[in-house]
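Order of the sequence lines sets the chain letters (A, B, ...), proteins ahead of strands, with each chain counted from 1.
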Protein chains: 2
Amino acid sequence: MERALPQSVLRETTDRALFDEVVGRERVTRAELAAATGFSKPTVSESVRRLTDGGLLAATGPQETGRRGRVGTFYELGATAGWVLAVEVDQSGVHAWAADLAGRVRHRHDRPPGGAGDTRALVDALRAVVTSALATPPAGPLRAVAVSMANPVHPTTHEVIALSGTPFPEGLVSPADVLADLVTAPVLVDNDVNLAALAEQGSVGAASFAYVYVGAGLGLGLYLGDRLVRGAHGLAGEIGYLPGAGPGTLAAELAADGFGRSDAPSNDVTAVLKALDDDDPRALAVLVAAVTRVVGSVTAVVDPEVVLLGGPVGTHPTLLAPVRDAVAALSPSPARVEHGTLGVLAPLHGATRLALDHAVRAAITGLP
Amino acid sequence: MERALPQSVLRETTDRALFDEVVGRERVTRAELAAATGFSKPTVSESVRRLTDGGLLAATGPQETGRRGRVGTFYELGATAGWVLAVEVDQSGVHAWAADLAGRVRHRHDRPPGGAGDTRALVDALRAVVTSALATPPAGPLRAVAVSMANPVHPTTHEVIALSGTPFPEGLVSPADVLADLVTAPVLVDNDVNLAALAEQGSVGAASFAYVYVGAGLGLGLYLGDRLVRGAHGLAGEIGYLPGAGPGTLAAELAADGFGRSDAPSNDVTAVLKALDDDDPRALAVLVAAVTRVVGSVTAVVDPEVVLLGGPVGTHPTLLAPVRDAVAALSPSPARVEHGTLGVLAPLHGATRLALDHAVRAAITGLP
DNA sequence: GCTATTTGGTAAGGTGACCTAACTAGAACG
DNA sequence: CGTTCTAGTTAGGTCACCTTACCAAATAGC
């Protein structure tokens with residue numbers, strides 16, 4: 001057995017708490033930090049010195065303050081603290097955000113998709129987006145890259161997992177391998193729905209939380225006890241494989257109903273949305289039944305505090321009320337069912353959060 | 001914001017690691033502990049001194065050792081380290097184990113059930129069992145009581161939750177209240193299936209793990225990332241409320257098929273078992289379909305490494321193979337499906353583990 | 001303008017939990 | 001009987017935190 005806790009974890013949690021506090025408040029003095037976090041003034045001074053030496057924070061000029069006594073030194077995010085890159089790879093192409101360590105997006109980069117199934121074009125687009133991002137870098141080192149993939153991802157190997165009938169077969173590439181010669185920063189890879197859940201959870205703040213994505217595919221992102229649930233094989237949330245009304249899977253039944261996917265590589269979201277817009281009662285009934293099955297299953301298994309519906313179909317306004325009613329009829333103590341608020345940007349927001357968290361953690365543990 | 005990590009957490013994790021190591025090895029010297037845990041010899045000596053002063057450990061006489069040099073002082077669990085009480089309350093009555101802090105069961109106490117729905121008799125039996133346990137206490141203080149209830153339990157208030165159609169309506173009591181005047185030790189309460197999962201997880205060792213109970217009711221215990229999932233309202237694992245093949249719940253459909261429960265307070269387990277023993281094809285088909293629906297749902301939602309089937313019906317040998325086949329047909333990367341090994345004793349084992357964990361943690365944080 | 005007050009920050013010294021290195025204690029081997 | 005091996009202690013150091021006391025600088029009010 002190894003040493004359980006090195007003493008340095010104390011310093012690291014202190015540094016992290018103070019860094020987050022500075023970023024959250026934009027500009028603070030050490031005295032304010034001490035008051036806000038409960039650390040003593042000497043401890044705050046030491047920590048801020050470490051963070052400043054490491055380039056993560058920087059002192060600003062004196063600040064107009066309405067207060068009475070001596071004006072303190074204000075600190076803010078260092079100009080060369082570095083940046084992270086969040087990349088989204090899906091059927092709509094490749095999109096990336098370059099963000100500073102406060103999470104502020106500085107540059108956007110996009111490439112259109114290749115043809116369906118064209119893996120080569122996708123790889124080229126991914127490399128082109130990252131090359132473009134590296135060509136106009138924000139100040140400081142690139143500290144992490146997080147890639148959102150519209151396919152399941154293995155939790156430890158970070159390999160993309162091939163499932164039969166995936167709506168995104170061209171996305172069966174390993175972003176870490178594709179980008180290995182372009183970036184030296186660590187490349188994190190996760191599923192787009194997981195990352196969307198991460199982003200939406202940040203806004204909702206619930207300790208147990210499920211995000212149901214309904215679009216070209218069906219997906220679920222789960223947060224329990226402040227941790228993302230990825231599953232033993234990276235297949236947590238693959239709710240297309242939920243048992244349906246018959247002996248088969250939910251996805252197969254949706255496909256048989258003319259929705260969703262089974263062996264069709266992709267699903268016509270615009271057609272589904274049009275049917276909903278036109279108040280097609282059959283389309284509504286099928287979708288409500290499917291979403292209710294998903295929400296009911298998640299509720300019975302993990303009993304989350306909040307379930308958010310996301311994705312182009314999931315956020316359609318006509319869905320929410322009937323799903324709520326159906327779930328309430330099924331479950332004795334149903335979760336709050338709401339709409340996601342971040343829309344199609346949720347995966348990029350989540351990837352940014354993932355990259356940031358990793359980048360800041362790594363930068364702090366690497367401090368003297 | 002409060003202090004993130006007090007320095008004492010280091011000491012507490014050290015003490016805990018060493019205590020667990022001593023208990024796991026029965027008898028050890030400090031030198032062996034240092035080698036096994038990676039702590040330095042002075043640190044081990046200090047920690048062992050704290051644990052010995054607190055009564056949790058005690059030095060034994062010299063030990064026959066095949067080794068060459070000086071014989072060290074061996075340490076073992078202190079004779080008056082105290083004990084914990086695990087209590088199970090269900091339709092079969094009230095059962096309790098008094099165990100020492102190594103988890104060794106010292107005494108057993110049992111009371112038969114009252115009539116179905118007879119809450120008064122159940123409360124009397126619970127008090128009688130605890131009184132009996134307190135009358136023949138093992139040495140040392142009673143440090144914790146854990147109660148396994150055959151009903152859902154709220155994760156924070158520890159109140160038992162009333163669900164319509166519960167097979168155990170008389171069990172709608174608060175053990176903490178019932179025992180308040182009998183014991184001063186903390187009374188922990190949890191659901192029997194959760195505790196069974198805790199116990200079985202201990203034997204299996206998987207990081208993500210689901211325990212499916214099939215007996216008088218349907219239940220699920222979930223372990224993800226080394227943590228028990230209780231749900232926002234204590235209703236995680238209430239898989240009777242899973243969507244069934246039709247618009248209703250799985251439990252309602254089982255009831256309609258002559259199995260399970262809906263508004264009948266209890267289910268005739270012996271009749272179901274007899275049907276399975278007699279190779280009744282209809283009974284087998286209905287049960288396999290239901291269990292497959294449960295395992296498939298859990299797999300699609302959280303993707304556990306292992307799923308154990310437990311409970312009198314769940315452990316029936318004819319179920320395993322067809323369920324495995326059906327799950328494999330449904331899921332792209334199914335969990336290992338096995339039988340639980342602890343049988344009806346699983347909840348008591350789990351309650352013991354819960355009580356032990358709490359007791360040792362509390363004893364160590366209370367140390368000088 | 002001068003002083004009191006208020007606020008920011010540093011210096012000095014202490015504590016707790018860990019470490020390494022060097023020692024003493026005691027048993028067995030040859 | 002000395003050598004060698006193992007157990008455990010002592011001494012001294014480091015690190016991350018703390019409190020207390022002080023100095024520094026700015027405004028408020030006279």
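Nucleic acid contact for A:Gly69: base, since at least one base atom lies under 4.0 Å from a heavy atom of the residue. The residue A:Thr29 sits close only to the backbone: its heavy atoms come under 4.0 Å of sugar-phosphate atoms, none of a base.
The separation between A:Leu10 atom CG and C:dT15 atom C1' is 14 Å, rounded to whole Å. Regarding A:Lys41, its NZ atom lies at a distance of 16 Å from the P atom of C:dA12, rounded to whole Å. If you measure from atom CD of A:Glu32 to atom C1' of C:dG8, you get 10 Å, rounded to the nearest angstrom. Distance, B:Glu46 CD to C:dT20 P: 16 Å, rounded to whole Å. The CG atom of B:Leu33 sits 11 Å away from the P atom of D:dA7 (whole-angstrom rounding). Atom C1' of nucleotide D:dA26 and atom CZ of A:Phe74 are separated by 13 Å, given to the nearest angstrom. Whole-Å rounding puts the B:Gln7 CD to D:dT14 P distance at 17 Å. As rounded to whole Å, 13 Å separates atom C1' of C:dG16 from atom CD of B:Glu12.
Going from atom CH2 of A:Trp97 over to atom CG of A:Leu85 covers 12.0 Å, rounded to the nearest 0.5 Å. To the nearest 0.5 Å, the span separating OG1 on A:Thr341 from NE2 on A:His349 amounts to 9.0 Å.
A sub-4.0 Å separation between OP1 or OP2 of C:dA17 and a side-chain N or O of B:Thr43 is absent. Between A:Thr14 and the phosphate of D:dC17, there is a side-chain N or O to OP1/OP2 separation shorter than 4.0 Å. Using a 4.0 Å cut-off, some side-chain N or O of B:Arg11 falls inside it from OP1 or OP2 of C:dA17. Within the structure, every side-chain polar atom (N or O) of A:Ser40 is placed at least 4.0 Å from both OP1 and OP2 of D:dC17. An OP1 or OP2 oxygen of C:dT10 is reached within less than 4.0 angstrom by a side-chain nitrogen or oxygen of A:Ser45.
With salt bridges taken as basic N to acidic carboxylate O contacts below 4.0 Å, one links A:Arg16 and A:Asp357.
Toward the 5' end of DNA chain C, the nearer of the two residues A:Arg70 and A:Pro42, judged by each one's closest nucleotide, is A:Arg70. Taking the nucleotide of DNA chain D with the nearest heavy atom to each of B:Thr73 and B:Arg68, the more 5' of the two is matched to B:Arg68. For A:Val71 and A:Ser8, each mapped to the nucleotide of DNA chain D holding its nearest heavy atom, the one lying further toward the 5' end belongs to A:Ser8.
Heavy-atom minimum distance, A:Arg27 versus A:Glu32: O-OE1, 4.2 Å.
Of the candidates C:dC19, D:dC15, D:dA16, C:dC19 carries the atom nearest the B:Phe39 side chain, counting heavy atoms from C-beta on.
Tested against B:Ser208, the residues B:Val306, B:Leu224, B:Leu222 include a single side-chain contact (heavy atoms from CB on, under 4.5 Å) partner, B:Leu224.
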